[in-house]
Each structure stands twice: as C-alpha cells, then as structure tokens.
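Everything on this sheet refers to the single structure shown next.
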Amino acid sequence: MKEYHTLIADIRTEACELADKMKRLEVFMMSEDFCKISPEQKGLLEQQYDLMAKYKVTLVKRAHRINYEHLQNQGKEDAQEPERLEPHVFDAMMYEAHRQKKEVKD
C-alpha cells in the first residue's frame, strides 16, 4: 500500500493530467474539425468528455476521503503528520468539472 503523501501526490497528478486532456478535448469540440465528423462520433466524444468529468470528480472525492481517514488515524502509532490538503484547489477542480459538464449538456 502506498504511503499517504505518495498517494495524494499521485491522485493530484492524475487529476491535473486528466484536466489537461479534458481541456484539449473541449477545444477540439469547439473547432471546425469537430463539426465535420459524423453525429455518432460527436456523440461518442461528448460521452467521453462526460465520463472524464465524472472520473475527475471521483479522484477529488478519493483525495478528500484519504485525507479524512488519515486525519482520523492521527495519533496512532503508525500515523505520520498529514499533508494539509488545500481544499480550495480540490473545490475549484470539482466546480470546474461540474461547470464543464453543464456546458456540454447545454
């Protein structure tokens, strides 16, 4: 099992990489090239984007849960001093994922 600090760092990295991929897909979906592909492909790309947004939210929830559980274990023999998560960063990521999902549907 990964240590707390490593796990949180890995989740943050994955969430940031996913956000970059979502941004590139979003830019493509607003391009002329997107307008030229079949409706079926457009639908699949929109579905892909929605699933990526859900995955991103799940990563954020996992990080919050891991932090919570780590804080609950504080004081036990094996517990290390927790890294303080910056809630505003994760809250901003969750807000952005929700906003992007809503924009895609509208």
Side-chain angles (χ1 to χ4, degrees):
M1 183 173 187
K2 290 185 181 180
E3 290 197 23
Y4 168 76
H5 296 291
T6 305
L7 187 55
I8 291 295
D10 289 350
I11 291 173
R12 284 181 177 172
T13 299
E14 188 172 354
C16 288
E17 289 171 356
L18 184 57
D20 290 341
K21 290 177 182 180
M22 290 174 66
K23 192 56 147 173
R24 288 194 305 270
L25 180 54
E26 185 178 350
V27 168
F28 175 72
M29 291 169 65
M30 292 186 284
S31 73
E32 287 184 32
D33 288 338
F34 182 76
C35 296
K36 296 175 185 176
I37 64 177
S38 71
E40 292 80 11
Q41 285 294 330
K42 287 178 187 174
L44 289 170
L45 286 171
E46 290 167 352
Q47 182 180 9
Q48 177 181 335
Y49 185 88
D50 287 345
L51 292 170
M52 291 168 81
K54 288 178 183 177
Y55 180 44
K56 187 175 161 189
V57 168
T58 302
L59 287 172
V60 171
K61 287 180 180 179
R62 281 188 59 217
H64 278 293
R65 185 65 193 180
I66 290 165
N67 188 56
Y68 171 78
E69 290 173 2
H70 186 79
L71 291 173
Q72 293 299 309
N73 290 327
Q74 199 172 23
K76 293 183 179 178
E77 289 179 30
D78 301 346
Q80 298 174 345
E81 181 64 27
E83 173 186 353
R84 297 290 178 192
L85 290 179
E86 301 167 12
H88 62 281
V89 173
F90 284 112
D91 291 341
M93 290 170 62
M94 289 178 65
Y95 171 80
E96 181 67 14
H98 178 71
R99 183 191 64 77
Q100 290 174 353
K101 182 178 177 185
K102 186 175 178 185
E103 282 181 1
V104 169
K105 287 184 178 182
D106 292 343

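Because the structure is predicted, anything quoted here is derived from the model rather than measured. Atoms considered below: every heavy atom in the structure, side chains included; atoms not considered: hydrogens, waters and symmetry mates.
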Please confirm whether the backbone N or O of Lys2 pairs with a side-chain atom of Thr6, one donor and one acceptor, at under 3.5 Å? no

Considering the options Asn67, Ile66, Val60, which one meets the side chain to side chain contact (heavy atoms under 4.5 Å, CB included) requirement together with His64? Val60

Inter-residue atom distance Leu25.CG - Gln48.CD, 0.5 Å rounding: 5.5 Å

How are the rings of Phe34 and Phe28 set to each other: parallel, tilted or perpendicular (split at 30° and 60°)? perpendicular

Just wondering, do Leu7 and Glu3 contact through their side chains at under 4.5 Å, heavy atoms? no

For Glu69 and Arg65, run salt bridge (charged side-chain N to carboxylate O under 4.0 Å, His left out): C-alpha distance rounded to whole Å, both residues' side-chain angles, the deciding distance at 0.1 Å, then the answer. CA-CA 6 Å; Glu69 290 173 2; Arg65 185 65 193 180; 2.9 Å; yes

Pairwise distance CG(Leu18) to CG(Leu59) - rounded to 0.5 angstrom: 6.5 Å

If you look at every heavy atom in Ala63 and Ile8, which pair is closest and at what distance? O-CD1, 3.8 Å

Within this structure, what is the CE-CD1 distance for the pair Met29 and Ile37, rounded to the nearest 0.5 Å? 8.5 Å

Assess whether atom NZ of Lys21 is packed by more than 12 heavy atoms of other residues, nucleotides or ligands within 6.0 Å. no

How many angstroms lie between CD in Gln74 and CD in Gln72, if you round to the nearest 0.5 Å? 9.5 Å

Exercise: identify the closest heavy-atom pair between Ala19 and Lys56: CB-NZ, 3.7 Å

State the CG-CG distance between Leu51 and Leu44, to the nearest 0.5 angstrom. 10.5 Å

How close do Tyr49 and Glu26 get, counting heavy atoms only, and between which atoms? OH-OE1, 3.5 Å

